[in-house]
There are 2 protein chains.
Amino acid sequence: MNKAEIPRKTVYRLSVYYRVLLALKNIDTVSSEALATAAGVKSTQLRKDLAYFGQLGTRGLGYSVPALTARLSEVLGAARLQPVILVGAGHLGSALLRYGGFAKEGFEVVAAFDLDASRERARDLSIPVYSMENLPAFITEKKIKLAILTVPGAVAQEVCNNLIKSGVQAILNFAPVVLHTPEQIVVKNVDLAIELENLSYFIR
Amino acid sequence: MNKAEIPRKTVYRLSVYYRVLLALKNIDTVSSEALATAAGVKSTQLRKDLAYFGQLGTRGLGYSVPALTARLSEVLGAARLQPVILVGAGHLGSALLRYGGFAKEGFEVVAAFDLDASRERARDLSIPVYSMENLPAFITEKKIKLAILTVPGAVAQEVCNNLIKSGVQAILNFAPVVLHTPEQIVVKNVDLAIELENLSYFIR
DNA sequence: CTGTGTGAAGGCTTTCACAGCC
DNA sequence: GGCTGTGAAAGCCTTCACACAG
């Protein structure tokens with residue numbers, strides 16, 4: 001049950017299963033087949049994934065929806081209580097702040113940072129926007145470990161370095177550059193142009 | 001050189017290499033080691049990836065930056081000339097339209113669609129926003145194959161079905177649901193809450 | 001001697017096949 | 001009988017080791 005033993009892809013799918021389960025909360029029991037189909041995977045894959053966490057199902061019957069939901073919430077739960085900051089309140093950054101998709105899922109974006117804290121776009125946000133110079137102190141004081149990076153590519157590496165120096169351990173990077181970080185830092189890149197290019201390539 | 005033989009992950013990395021190369025355009029020659037480091041991968045991986053497209057390097061010397069850039073542009077080029085539509089001009093959708101990261105990379109978002117085409121947020125966009133009822137005709141007439149889906153989760157599957165029915169072949173999906181599509185349709189999910197949850201899980 | 005190209009080995013993930021339990 | 005849990009097999013991707021070209 002050591003975290004390190006669980007493949008990253010499995011953890012990713014657990015998040016998907018969890019969301020599918022939430023939509024099934026009026027049901028008692030679900031088979032691996034039904035849940036897997038809803039989640040877009042094969043049933044054997046789902047069973048293998050869930051088996052990392054012990055015997056969760058009942059043979060001949062399936063999985064208890066409430067019990068499985070609770071177990072996944074427990075496994076992923078700590079993850080969803082992290083405070084998050086967003087750095088770079090441009091078009092994309094401020095849209096993500098307004099988007100609400102994070103808060104709905106249990107993440108609290110506690111503050112945003114931008115070179116120009118009074119930036120027009122930030123006016124009607126409910127989340128405070130601070131100047132970049134306040135960034136290190138904020139991270140240290142609030143023990144922030146997770147950051148969303150939506151600054152221009154040209155400054156992304158520099159800002160990234162500052163984040164890490166202050167104690168950030170994981171970064172969701174929207175800047176279209178390859179960030180170079182120490183090995184223990186977790187980075188997930190979301191490069192929209194590359195995603196489009198990749199999709200487009202596979203249109204036959 | 002059949003497309004089908006090239007792993008999806010390799011194609012993804014080609015896009016990364018291409019962008020790194022663009023930043024190196026004042027240099028003549030680059031070694032796999034240097035390029036790989038800049039792209040955040042191992043040099044053997046880069047050489048394997050490039051070898052899918054024939055002998056691109058010179059032994060003992062490295063790769064010609066202009067020649068390699070041209071070759072990758074050729075391989076990925078067709079991908080970047082696709083017209084794209086965006087469906088759902090809410091916070092996230094309209095931010096993506098304004099973001100500009102697509103156009104800069106050669107993608108043209110030719111139109112957006114929303115239930116309310118006159119929606120406040122869409123006012124100052126340079127891209128036309130049409131009502132959803134115009135969607136099927138537009139896709140058919142302009143032979144659109146690629147769509148960005150930024151509608152609420154509750155209607156995503158329905159909208160997705162309509163897109164496919166009209167001829168869309170690939171979807172970049174931001175709605176937090178699992179889309180069920182025919183096998184030949186390519187879907188890439190970008191679920192921001194799941195990405196955050198996943199990152200957060202791996203903070204030790 | 002340097003740095004690419006590549007068959008072989010290794011590692012990781014998915015799928016299969018079926019044993020085991022309700 | 002039905003459906004989960006799981007060792008074994010298969011498949012895929014990455015890394016190694018080194019042959020080979022400049």
Side-chain angles (χ1 to χ4, degrees), chain A residues 1-17 20-21 24 27-69 71-72 75 183 198 201-202, chain B residues 1-17 20-21 24 27-69 71-72 75 178 183 198 202:
Chain A
M1 186 96 52
N2 188 341
K3 274 195 180 188
E5 297 164 14
I6 298 164
R8 184 160 178 161
K9 290 192 166 183
T10 291
V11 178
Y12 194 95
R13 285 189 298 263
L14 293 182
S15 291
V16 177
Y17 304 155
V20 173
L21 278 167
L24 258 53
I27 297 182
D28 270 9
T29 303
V30 69
S31 69
S32 63
E33 187 60 44
L35 186 53
T37 302
V41 301
K42 289 226 155 63
S43 65
T44 49
Q45 172 125 254
L46 181 138
R47 293 202 299 275
K48 255 275 190 311
D49 286 340
L50 295 183
Y52 282 104
F53 305 96
Q55 312 254 128
L56 299 176
T58 308
R59 299 182 189 212
L61 189 63
Y63 298 88
S64 152
V65 172
L68 186 53
T69 306
R71 189 73 180 91
L72 290 184
V75 171
E183 202 167 314
N198 194 246
Y201 183 89
F202 286 101
Chain B
M1 186 94 54
N2 188 339
K3 275 194 178 187
E5 296 164 14
I6 298 164
R8 184 160 181 159
K9 289 192 167 183
T10 291
V11 177
Y12 195 95
R13 285 189 297 263
L14 293 182
S15 291
V16 177
Y17 304 154
V20 172
L21 279 169
L24 259 52
I27 296 181
D28 271 8
T29 303
V30 69
S31 70
S32 63
E33 186 61 42
L35 187 53
T37 303
V41 302
K42 288 229 157 60
S43 65
T44 49
Q45 171 125 256
L46 181 138
R47 293 203 299 275
K48 255 278 192 301
D49 285 340
L50 295 183
Y52 282 104
F53 305 97
Q55 312 253 129
L56 299 175
T58 308
R59 299 185 187 210
L61 190 63
Y63 298 87
S64 153
V65 172
L68 185 53
T69 307
R71 189 76 179 92
L72 291 183
V75 171
V178 179
E183 202 168 312
N198 193 246
F202 287 102

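Naming: A, B, ... by sequence-line order, numbering from 1 per chain. Predicted model only: the values in this text are computed from it and were never measured.
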Just how far, in rounded Å, is [atom2] of [N] from [atom1] of [X]?
X     : N      : atom1 : atom2 : value
B/E5  : D/dG11 : CD    : P     : 17 Å
A/R8  : D/dC13 : CZ    : P     : 18 Å
A/K9  : D/dG11 : NZ    : P     : 17 Å
B/L61 : D/dG22 : CG    : P     : 11 Å
A/Y63 : D/dC3  : OH    : P     : 12 Å
B/K48 : C/dG11 : NZ    : C1'   : 15 Å
A/L50 : D/dC3  : CG    : P     : 16 Å
B/Y52 : D/dT14 : OH    : C1'   : 10 Å

Using OP1 and OP2 only, check whether a side-chain N or O of [X] sits under 4.0 Å from [N].
X     : N      : answer
B/S32 : C/dT4  : yes
A/R47 : C/dA17 : no
B/Q45 : D/dC13 : no

*How about A/Y201 and B/L14: do any of their side-chain heavy atoms sit closer than 4.5 Å?*
no
*Is the closest side-chain heavy-atom distance between B/L50 and B/Y17 below 4.5 Å?*
yes
*Which distance, rounded to the nearest 0.5 Å, do you find between the CG of A/L46 and the OH of A/Y63?*
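Between A/L46 CG and A/Y63 OH, I get 6.0 Å after rounding to 0.5 Å.
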_Spacing of B/L56 atom CG and B/L68 atom CG [to the nearest 0.5 Å]_ = 6.0 Å
*Side chain of A/K42 only, please: which of C/dG3, C/dC16, D/dT4 is the nearest?*
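It is C/dC16.
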_Given C/dG20, C/dT14, D/dA21, the nucleotide with the shortest approach to the side chain of A/R59_ =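 So the side chain of A/R59 is nearest to C/dG20.
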